[in-house]
Amino acid sequence: MSDIAATDQLFFTRTGLDRDRVSKIVDESLKGADDGELYLEYSQSESLVYDDGRLKNASFDTSQGFGLRAVAGETAGFSHASELSEAAIKRAGETVKAVHAGHGGTMALPPSGTNRSLYIDDNPLALVPFETKVKLLAEIDAYARARDPRIKQVTAAMSGEWQAIQIVRADGSRAADIRPLVRLNVSVVVGDGTRMESGSYGTGGRESYEIYMKPESWHFAVDEALRQALVNLDSTPAPAGEMPVVLGPGWPAILLHEAIGHGLEGDFNRKGTSAFSELMGKRVAAKGVTVVDDGTINARRGSLSIDDEGTPTQRTPLIEDGILTGYMQDRMNARLVGGKSTGNGRRQSYAYAPMPRMTNTIMENGNEDPADILKSVKKGLYAVNFGGGQVDITSGKFVFTCTEAYKIEDGKIGAPVKGATLIGNGPDVLTHVKMIGNDMALDPGVGTCGKDGQGVPVGVGQPTLLIDNLTVGGTEV
């Protein structure tokens with residue numbers, strides 16, 4: 001069954017909505033606008049948390065609703081409701097009409113269609129019984145506690161979502177997508193004497209729970225969380241000052257995502273508020289630095305068959321060999337600058353209007369052996385995992401907290417350190433990339449990106465990198 005046929009059952013057969021009448025309402029509501037759509041959504045989500053040897057929390061939620069948007073020039077009118085009825089859609093139509101009253105625009109052509117599907121259509125929440133999920137979390141808890149007597153606390157969590165969307169445009173064209181998303185998280189607290197430290201590991205993607213219920217998958221998650229906790233238990237205060245920093249492959253690309261990626265989103269650049277505004281075609285990074293945003297990678301957390309405006313996602317080059325070559329665009333910002341959407345129009349749910357957002361943001365491989373990168377550093381920091389971070393889009397300044405990092409001494413990985421933060425400027429840090437490894441890896445599937453109050457799942461990736469001069473905030477006295 002196609003996604004359109006399947007979502008027709010959810011949004012029309014089940015609710016009693018008449019498809020032709022809804023299309024007519026959309027057409028009347030958007031007459032004279034430059035763009036717009038009716039976004040229909042039905043989703044189910046669940047979360048199970050096993051803590052201190054018992055199921056501490058279990059939740060299940062079902063939501064549905066629509067968002068109707070009309071775009072006139074740089075202005076957008078948006079109305080949403082959790083009630084799926086013709087009356088509610090008509091009321092929303094009257095609201096958004098105010099934006100384009102007397103505008104006389106010509107409706108933009110619809111996105112090109114696609115039959116591509118990057119993930120399963122099945123509802124992952126329904127494929128595995130509740131009792132089986134609870135049993136697995138109990139097994140994770142028992143396995144973890146048996147690994148090391150220093151473990152004081154274990155928390156295991158599973159969460160999943162199944163989202164069906166359909167986009168209806170004024171010309172009657174429609175696009176649909178059915179999106180699974182699951183995640184497994186394990187965190188442990190270890191103690192030795194009076195000192196307590198924690199470690200965690202998460203993994204997930206747009207697939208079924210079965211992938212993560214295999215023993216080899218959750219054993220690895222537990223072992224990795226425990227390894228990180230024990231590393232932190234032996235850590236010493238981090239050094240401070242300017243020094244070479246080696247970033248590990250995979251998840252450390254979250255620094256790339258925050259410090260650089262947001263600055264390459266189309267709305268910030270159209271408005272001139274990004275540190276990368278007016279730099280198209282100019283060198284913004286060291287030679288060898290190539291960055292892409294790719295929403296087409298099968299089953300990845302940040303991937304989408306179509307974005308939330310109905311545009312098929314794509315692989316969008318952003319920086320090529322250090323030269324700025326592209327921005328990530330939704331339909332409105334692309335139209336206003338005379339370009340095309342790159343499939344990056346995303347929204348958290350039906351209650352939000354779309355905006356340009358990243359999918360999977362990746363720095364591509366270089367040619368260096370990661371071991372040679374480390375050997376080249378006499379004294380510096382090796383950052384393997386990150387926690388939270390902050391970035392100012394206009395200036396590009398960022399601060400990131402390392403959750404796992406080590407001293408580099410005479411080209412070798414030394415003692416683990418605690419309390420390290422990386423401080424810098426996004427556009428500037430790219431110019432200080434001196435060596436790029438050949439070990440590009442994607443993150444394990446845990447990223448969530450926030451922007452203007454909206455959160456969406458994303459992915460990141462990069463090889464091992466050497467940044468020759470970065471400010472490290474530390475706690476070493």
Below 4.5 Å, heavy atoms only, C-beta onward: do [X] and [Y] meet side chain to side chain?
{"X": "Leu381", "Y": "Val246", "value": "no"}
{"X": "Met280", "Y": "Leu324", "value": "yes"}
{"X": "Tyr143", "Y": "Val154", "value": "no"}
{"X": "Arg346", "Y": "Leu304", "value": "yes"}

Would you say the side-chain atoms of [X] pair up with the backbone N or O of [Y], donor to acceptor, closer than 3.5 Å?
{"X": "Arg116", "Y": "Ser305", "value": "yes"}
{"X": "Asp443", "Y": "Gly445", "value": "yes"}
{"X": "Thr325", "Y": "Leu318", "value": "yes"}
{"X": "Thr401", "Y": "Gly387", "value": "no"}
{"X": "Asp439", "Y": "Thr464", "value": "yes"}
{"X": "Thr203", "Y": "Leu184", "value": "no"}
{"X": "Arg206", "Y": "Pro180", "value": "yes"}

salt_bridge(Glu37, Arg347) N-O dist < 4.0 Å: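 So Glu37 pairs with Arg347 through a salt bridge.
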salt_bridge(Lys451, Asp267) N-O dist < 4.0 Å: yes
Between [X] and [Y]: side-chain donor-acceptor atoms closer than 3.5 Å:
{"X": "Ser43", "Y": "Ser63", "value": "yes"}
{"X": "Asp51", "Y": "Gln153", "value": "yes"}
{"X": "Arg301", "Y": "Thr448", "value": "yes"}
{"X": "Asn360", "Y": "Ser303", "value": "yes"}
{"X": "Asp293", "Y": "Thr359", "value": "yes"}

Shortest non-hydrogen separation from Glu320 to Pro317 and the atoms involved: OE2-CB, 3.7 Å
Smallest separation among heavy atoms of Leu256 and Ile362, with atom names: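 Where Leu256 meets Ile362 most closely, the heavy atoms are CD2-C, 4.1 Å.
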Applying ring-ring contact (aromatic ring centres under 6.0 Å, His included), can you list everything that pairs with [X], at least two apart in sequence or on another chain?
{"X": "Phe60", "value": "none"}
{"X": "Phe400", "value": "Phe398"}
{"X": "Trp251", "value": "none"}

Pairs touching residues 261-301 that satisfy ring-ring contact (aromatic ring centres under 6.0 Å, His included), sequence neighbours left out: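 Checked against ring-ring contact (aromatic ring centres under 6.0 Å, His included) - neighbours excluded - the pairs reaching residues 261-301 are His257-His262.
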Residue pairs, two or more places apart or on separate chains, that pass ring-ring contact (aromatic ring centres under 6.0 Å, His included) and touch residues 188-215: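 Qualifying pairs: Tyr201-Phe220.
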Less than 3.5 Å apart, which donor and acceptor atoms pair up between the side chains of residues 348-356 and the rest of the protein, not counting sequence neighbours?
from: Gln348; atom 1: OE1; to: Gly455; atom 2: N; distance (Å): 2.6
from: Ser349; atom 1: OG; to: Ala351; atom 2: N; distance (Å): 3.2
from: Tyr350; atom 1: OH; to: Gln64; atom 2: O; distance (Å): 3.4

Atom pair OG/CZ of Ser235 and Arg195 - distance to nearest 0.5 Å: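 Ser235 OG to Arg195 CZ: 4.0 Å, rounded to 0.5 Å.
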